[in-house]
2 protein chains.
Amino acid sequence: MLSRGYTHVPEECGAISEILSRIGDKWTVLVVSMLGNGPMRFNELRREIGGVSQRMLTLTLRGLERDGLVTRTVYPTVPPRVDYELTELGKTLLEPIVGVAAWARANRAKIAAARVVYDKAANREAKPGVVARTPAA
Amino acid sequence: MLSRGYTHVPEECGAISEILSRIGDKWTVLVVSMLGNGPMRFNELRREIGGVSQRMLTLTLRGLERDGLVTRTVYPTVPPRVDYELTELGKTLLEPIVGVAAWARANRAKIAAARVVYDKAANREAKPGVVARTPAA
DNA sequence: CAGGATCCAGTGTGATACTG
DNA sequence: CAGTATCACACTGGATCCTG
């Protein structure tokens, strides 16, 4: 496990961080996951994901296209039809991504519990008798 | 995989998305990775990571602590000494995280190349003869 | 249907200065 | 050493309106 001899290369950190924040944005993982089931149209994705604005879905897809993770296929029909599909590179991303997603799903309860504990402790030590942090909500 | 019968549960998406953006922020993955090598002190982390502001490192560590992923141990000496260490839960996160990090490291060249191609194409069709997008940088 | 353009609010991030 | 406090700012993301 990372043995002990893990060599930290600062230069790589920048690059990796950048990619990480790409896939760490609000919709990328969701979109890639959905596309893992096969090609989808724009509004199809929009419906399935739910809660994503038109703008953000467009931006997310553009970004993924730019990074060579999805292809965008336009059928010049009327009304227009656009299919999005994972590239081979995109499909390889699927595996690590579902790994993280699985972890998140498996551990979100523990995390939620940890937060409750932490917040409670924070409130106690904050200033006993005074307002404290959580504003009632 | 994801077989075809992947069931999309919108409720889970919210929760997963939230966790994803937690670990998808700018420093979390880096910090967890470093801590994977064993406990570290505040400024030790700061130095090793490089480029992280004091504020952001503090915020990141607080967040991880709140989520039960790292422990914070204060030694009441002078000068003060604080050790950060992964919890058991934190260590389980290490595996999926290095999976993604490995993917990022392995494919950043392809991504960079894809961007060049995409941007070049975008520039050509943008307005032939005019400035175009990349602002010189 | 797909998505471009605009405007606006929230917040994530950083620089700096100060403290126990 | 290990923070906290404050400010300033860019960027993310959403709502809305418009077009081919």
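Chain naming here is simple, since letters A, B, ... match the order of the sequence lines and numbering starts at 1 in each. These numbers come from a predicted model, not from an experiment.
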Seminar exercise, completed: Comparing A:L59 with B:R55, nearest DNA chain D nucleotide closer to 5' gives the residue B:R55
For this session: Using modelled atom types only, decide if a donor and an acceptor are shared between the side chain of A:R46 and the backbone of A:V52 within a distance under 3.5 Å.
Result: yes
Exercise. For the atom pair CD1 (B:I49) and OG1 (B:T60), what is the distance rounded to the nearest 0.5 Å?
Worked result: 8.0 Å
Problem set entry | Single-linkage hydrophobic cluster A:L86~A:V74, side-chain heavy atoms < 4.5 angstrom | yes
Problem set entry | Result of checking B:L89, B:I23, B:T28, B:V32 against B:L69 for side chain to side chain contact (heavy atoms under 4.5 Å, CB included) | B:L89
Seminar exercise, completed: When rounded to the nearest 0.5 Å, the distance separating CD1 of A:I97 from OG of A:S33 is 5.5 Å
Seminar exercise, completed: For B:R81, the salt bridge (charged side-chain N to carboxylate O under 4.0 Å, His left out) test, sequence neighbours excluded, returns B:D83
Problem set entry | Nearest-0.5 Å distance, CE of residue B:M40 to CE of residue B:M34 | 4.0 Å
Exercise. Using rotation axes that map the C1' atoms of four end pairs onto the next four (five pairs an end), what angle separates the end axes of the helix from C:dC1-D:dG20 to C:dG20-D:dC1, to 10°?
Worked result: 50°
Problem set entry | Flag side-chain contact, heavy atom, 4.5 Å: B:D67 against A:Y118 | no
Problem set entry | Listed partners of A:K110 passing salt bridge (charged side-chain N to carboxylate O under 4.0 Å, His left out), at least two apart | none
For this session: Specify the residue among B:G51 and A:V82 whose closest nucleotide of DNA chain C lies further upstream toward the 5′ end.
Result: A:V82
Exercise. How would you give the extent of chain A contacts on DNA chain D, as first and last nucleotide 5' to 3' within a 4.0 Å heavy-atom cut-off?
Worked result: D:dG13 to D:dG20
Exercise. Are the side chain of A:S21 and the backbone of A:G24 linked by a donor-acceptor contact shorter than 3.5 Å?
Worked result: no
Exercise. NA contact type, B:R46, heavy-atom cut-off 4.0 Å: base, sugar-phosphate, or nothing?
Worked result: nothing
Exercise. OG1/B:T92 to CH2/A:W103 distance, rounded to the nearest 0.5 angstrom?
Worked result: 5.5 Å
For this session: Answer with base, sugar-phosphate or nothing: what part of the nucleic acid does A:Y84 contact at a heavy-atom distance below 4.0 Å?
Result: sugar-phosphate
Problem set entry | Distance-minimising heavy-atom pair for A:G68 and A:T87 | O-OG1, 2.8 Å
For this session: Considering only heavy atoms of chain B and a distance under 4.0 Å, specify the first and last nucleotide of DNA chain C in 5' to 3' order that meet this criterion.
Result: C:dT13 to C:dG20
Seminar exercise, completed: Rounded to the nearest 0.5 Å, the CD1 atom of B:I111 sits from the CG atom of A:L93 at a distance of 7.5 Å
For this session: Scan residues 60-72 of chain B against DNA chain D and write down, sorted by residue number, each residue with any heavy atom closer than 4.0 Å; if none is found, say none.
Result: B:R62, B:R72
